[in-house]
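The first residue of the sequence shown is numbered 1, and numbering continues consecutively from there.
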Amino acid sequence: MERTHENGTLRLEHVDQKVTLVGWVSKRRNLGSLVFIDLRDRSGIVQLTFDETIADEIKNVRNEYILQVEGTVEKRKDANPKIATGEIEIHVEKVNIVNSAETAPITIADDTDTNEDTRLKYRYLDLRRSVLQKNLILRHKVCMVARNVLDKQGFVEVETPILARSTPEGARDYLVPSRIYNGKFWALPQSPQIYKQLLMIGGMEKYFQIARCFRDEDLRADRQPEFTQIDIEMSFGDEDTIFGVVENLMQNIFRETIDYKLEDHFVRIPWAECMARFGSDKPDMRFGNEIVDITDIFANTEFQVFKNTIADGGIINCIKFENAADQYSRKGLDQLQDFVKQGFKAKALAYLKMEKGTLSGSIAKVLSDQEKEALATKLNLEDNDLVLVIGDKAKIVQSSLGALRVRLAHELKRIPEKPTYKFLWVTDFPMFEYSEEEGRWVAAHHPFTAPKQEDVDKLFTDPAHVSSRAYDLVLNGYELLSGSIRIHNQDLQAKVFEAIGLSFEQAKKRFGFFLDSFRYGTPPHGGVGIGLERLIMVLAGTDNIRDVVAFPTTNSSFDLMSEAPNVVDNKQLEVLGIEISKQEQEK
């Protein structure tokens, strides 16, 4: 179908030109002898004018009809600065109604008032909104930049299997039954982890892939059952090498997509320090208000609660928000108390306010003058400062104050309104975490992550204090990337399996082909998996992952548009050797 221009590209320099345009009717306005129609295509909207000589031909046209028009570009008398084409309009001389449309069940506009479930059910209509189209175009551009940048650095794009063997550890697998081998199952990959390591063993040295990944886990606003990683692996490099590759990639992506210049090198903080300062392993660095350890101030306290906490091995920490005391009434502070008690199992939240040089608040009366003076000095307190204090086990204190830090920053509008992007490498993660459910230590990252060399001797004697060579890249409070230096020595791999309760024989049953490959000269290697959707979310300025996915599911992992998952024909199940239980059939 002929068109001379895209609608959103027309400007004053096109005045007096004859054009042919196509698109959807976005809005229609009748003004007596003139009819105005906003015609929309992917590039934007342009205003069409129809005089009485042609208006009769469009008398039945409604929103979402598709039109092809021929006309002349004219300068608008009443410019509209809200749209890019607002200084011109098209005087239509010929119109062709390409297709009609029923009344849409959703409002097709960027500022739509249609609820999300309805928009997901009619996603093909929701995708006509320019905000979603821009997000998908942004996603496309990021992928193109990534491919170009990594290609220039010698990385080779290799596809890895979607149907693979199910492996333990991590989230649940999505399983695919085999027709040929009834009773046996493929698994959809949670990541291309084993395959990309095998590519390193295979001598590819530098690999990347824009890879589809699948995890059967509970969902959140920033998570979907299937997602995409910019997956990177390389041989003969260490953390510095990999960090350099990723930082260069991010600098190119931000410059070429949103024209934003990132810092030359990203800040690096070890995990333990990150938890102590921010109470989170994915802190938002766009604002300060770090956690402060004030345990030492209460070493000889007479305040029994703090005294008992320290005696039990706990800590006393706080956060300070400047010029915020008058923003929180007793009711507001009670809500913060409920927040940390219910969400993080903190026993209590104490508060202090500096007012006219004097500390007041829930614990002010039980503190000594010396303790108050020490607090004021250490925290550099000024009038109207608010201090929130928690004493408890270190994990509870850090997670509670970390969450409060973020909550208050949002409530007090301390996060810069101007788009700001603060990256942080979090390094030296714990190698293991204890699973109460399984009664054993499990891999905190995955079982192929290398421990720090100086901690290898503690694998069996002190697993709680073994640090790994795992790292995350955090951006504005989101975990954007996770990766590690991998184990390349078979003996060390056997020790790590044993540390998580797997004998080498059990490990061979699960990872046999992979472990066999270690015998033939495995190079040192490591890599990362960059969450593409989370990266696009930040670039697009949204906090909902469904805004950057073409056909997303709900929080309950259901596709409202196609109504999937759904039942299948019994004949399909028979050839797979599967029978649905009577209980499930009756649901």
Side-chain angles (χ1 to χ4, degrees), residues 5-14 40-46 79-88 110-111 127 129-153 155 157 208 210 222 228-230 232 243-268 282-287 413-425 473-481 528 530-550:
H5 297 77
E6 292 183 333
N7 299 349
T9 64
L10 296 171
R11 300 291 187 273
L12 283 175
E13 60 262 30
H14 297 102
R40 181 189 70 241
D41 67 6
R42 194 182 71 185
S43 67
I45 287 176
V46 67
N80 180 1
K82 294 182 180 180
I83 59 174
T85 60
E87 293 184 292
I88 59 94
D110 284 352
D111 296 325
L127 284 172
R129 296 194 300 133
S130 66
V131 65
L132 292 186
Q133 292 183 352
K134 287 175 181 175
N135 289 348
L136 294 182
I137 292 169
L138 175 62
R139 182 183 177 123
H140 158 74
K141 289 180 178 178
V142 168
C143 291
M144 293 301 294
V145 172
R147 284 191 163 101
N148 291 333
V149 169
L150 292 171
D151 174 65
K152 288 177 183 177
Q153 295 186 64
F155 287 85
E157 185 170 11
F208 84 96
I210 299 178
D222 64 342
T228 305
Q229 285 183 183
I230 303 177
I232 302 171
F243 290 1
V245 168
V246 172
E247 288 174 8
N248 179 61
L249 176 59
M250 291 299 160
Q251 287 155 2
N252 277 274
I253 286 173
F254 275 72
R255 183 179 64 250
E256 295 188 32
T257 58
I258 62 171
D259 193 26
Y260 188 95
K261 187 180 187 306
L262 298 176
E263 58 266 38
D264 292 335
H265 298 287
F266 302 163
V267 175
R268 303 181 191 183
K282 46 180 182 292
D284 193 332
M285 303 289 285
R286 290 175 295 175
F287 60 97
K413 295 181 169 49
R414 299 296 168 87
I415 298 173
E417 291 185 12
K418 181 181 179 182
T420 305
Y421 306 96
K422 294 293 184 181
F423 283 88
L424 168 69
W425 286 108
L473 183 61
V474 177
L475 172 59
N476 293 2
Y478 289 102
E479 176 198 313
L480 191 64
L481 165 162
V528 301
I530 302 169
L532 180 61
E533 286 86 4
R534 289 185 184 176
L535 174 58
I536 306 304
M537 280 171 58
V538 176
L539 288 167
T542 178
D543 59 1
N544 188 338
I545 199 169
R546 288 180 287 278
D547 289 343
V548 300
V549 176

Quick one: do Asn148 and Glu256 satisfy side chain to side chain contact (heavy atoms under 4.5 Å, CB included)? Show the steps, please.
CA-CA 12 Å; Asn148 291 333; Glu256 295 188 32; 5.9 Å; no
Could you tell me which residues satisfy side chain to side chain contact (heavy atoms under 4.5 Å, CB included) with Ile415, sequence neighbours excluded, listed by chain and number?
Asp284, Arg286, Phe287, Ala409, His410
Tell me, with the steps shown, if Phe208 and Val245 meet side chain to side chain contact (heavy atoms under 4.5 Å, CB included).
CA-CA 12 Å; Phe208 84 96; Val245 168; over 6 Å; no
Set of side chain to side chain contact (heavy atoms under 4.5 Å, CB included) partners for Arg255, sequence neighbours left out
Asn252
Spell out, as yes or no, whether a donor-acceptor pair under 3.5 Å connects the side chain of Asp110 to the backbone of Val131.
yes
Go through the steps for Ile137 and Lys141 under the test side chain to side chain contact (heavy atoms under 4.5 Å, CB included), then give the verdict.
CA-CA 6 Å; Ile137 292 169; Lys141 289 180 178 178; 3.8 Å; yes
N/O donor-acceptor pair under 3.5 Å between Thr85 side chain and Ile45 backbone:
yes
Quick one: list whatever passes salt bridge (Lys or Arg N to Asp or Glu O under 4.0 Å) with Glu247, sequence neighbours left out.
none
If we ignore hydrogens and angles and just use 3.5 Å, is the side chain of Glu533 paired with the main-chain N or O of Val548 as donor and acceptor?
no
Do the side chains of Val528 and Leu473 get nearer than 4.5 Å, heavy atoms only?
no
Could you please spell out the steps behind the side chain to side chain contact (heavy atoms under 4.5 Å, CB included) verdict for Phe243 and Arg268?
CA-CA 10 Å; Phe243 290 1; Arg268 303 181 191 183; 3.3 Å; yes
Compare all side-chain heavy atoms of Leu262 with those of Met250 and state whether any distance is below 4.5 angstrom.
yes
Can you tell me how far the CE atom of Met537 sits from the CG atom of Leu475, to the nearest 0.5 Å?
10.5 Å
Please find the pair of heavy atoms, one from Thr542 and one from Tyr478, that lie closest to each other, and give the distance.
O-OH, 4.4 Å
With sequence neighbours excluded, residues passing side-chain hydrogen bond (donor to acceptor under 3.5 Å, both in side chains) with Glu157
Arg147
Measuring from atom CZ of Arg129 to atom CG of Leu127, what distance do you get when rounded to the nearest 0.5 angstrom?
9.0 Å
Rounded at 0.5 Å granularity, tell me how far CD1 in Ile536 sits from CG in Asn135.
8.5 Å
Please evaluate residues Asp41 and Ser43 with respect to the criterion side chain to side chain donor-acceptor pair (under 3.5 Å), reporting the C-alpha separation (whole Å), side-chain torsions for both, the decisive distance (0.1 Å), and the verdict.
CA-CA 5 Å; Asp41 67 6; Ser43 67; 2.6 Å; yes
Please confirm whether the backbone N or O of Arg11 pairs with a side-chain atom of Glu87, one donor and one acceptor, at under 3.5 Å?
no
Gln153 side chain reached by Val149 side chain, heavy atoms, under 4.5 Å:
yes
Between Ala146 and Leu249, what is the shortest heavy-atom contact and its length?
CA-CD1, 3.6 Å
To the nearest 0.5 Å, what is the distance between CG (Leu480) and CD1 (Ile230)?
8.5 Å
Rounded to the nearest 0.5 Å, how far does NE2 of His140 lie from CG of Leu136?
11.0 Å
Would you give the length of the straight line joining atom CG of Leu539 to atom OG1 of Thr257, rounded to the nearest 0.5 angstrom?
5.0 Å
Close side-chain approach of His5 to Val46, heavy-atom, < 4.5 Å:
no
Can a salt bridge be assigned to the pair Lys422 and Glu263 using a cut-off of 4.0 Å between side-chain N and carboxylate O?
no
Taking salt bridge (Lys or Arg N to Asp or Glu O under 4.0 Å) as the test, write out the residues that go with Asp547, two or more places apart.
none
My understanding is that only residues two or more places apart in sequence, or in another chain, count here; which of them pass ring pair (Phe, Tyr, Trp, His ring centres under 6.0 Å) with Phe423?
Phe254, Phe266
So which atom in Leu424 and which in Pro283 form the shortest heavy-atom distance, rounded to 0.1 Å?
CD2-CG, 3.5 Å
Which heavy atom in Asp264 sits nearest to a heavy atom in Lys261, and how many Å separate them?
OD1-NZ, 3.8 Å
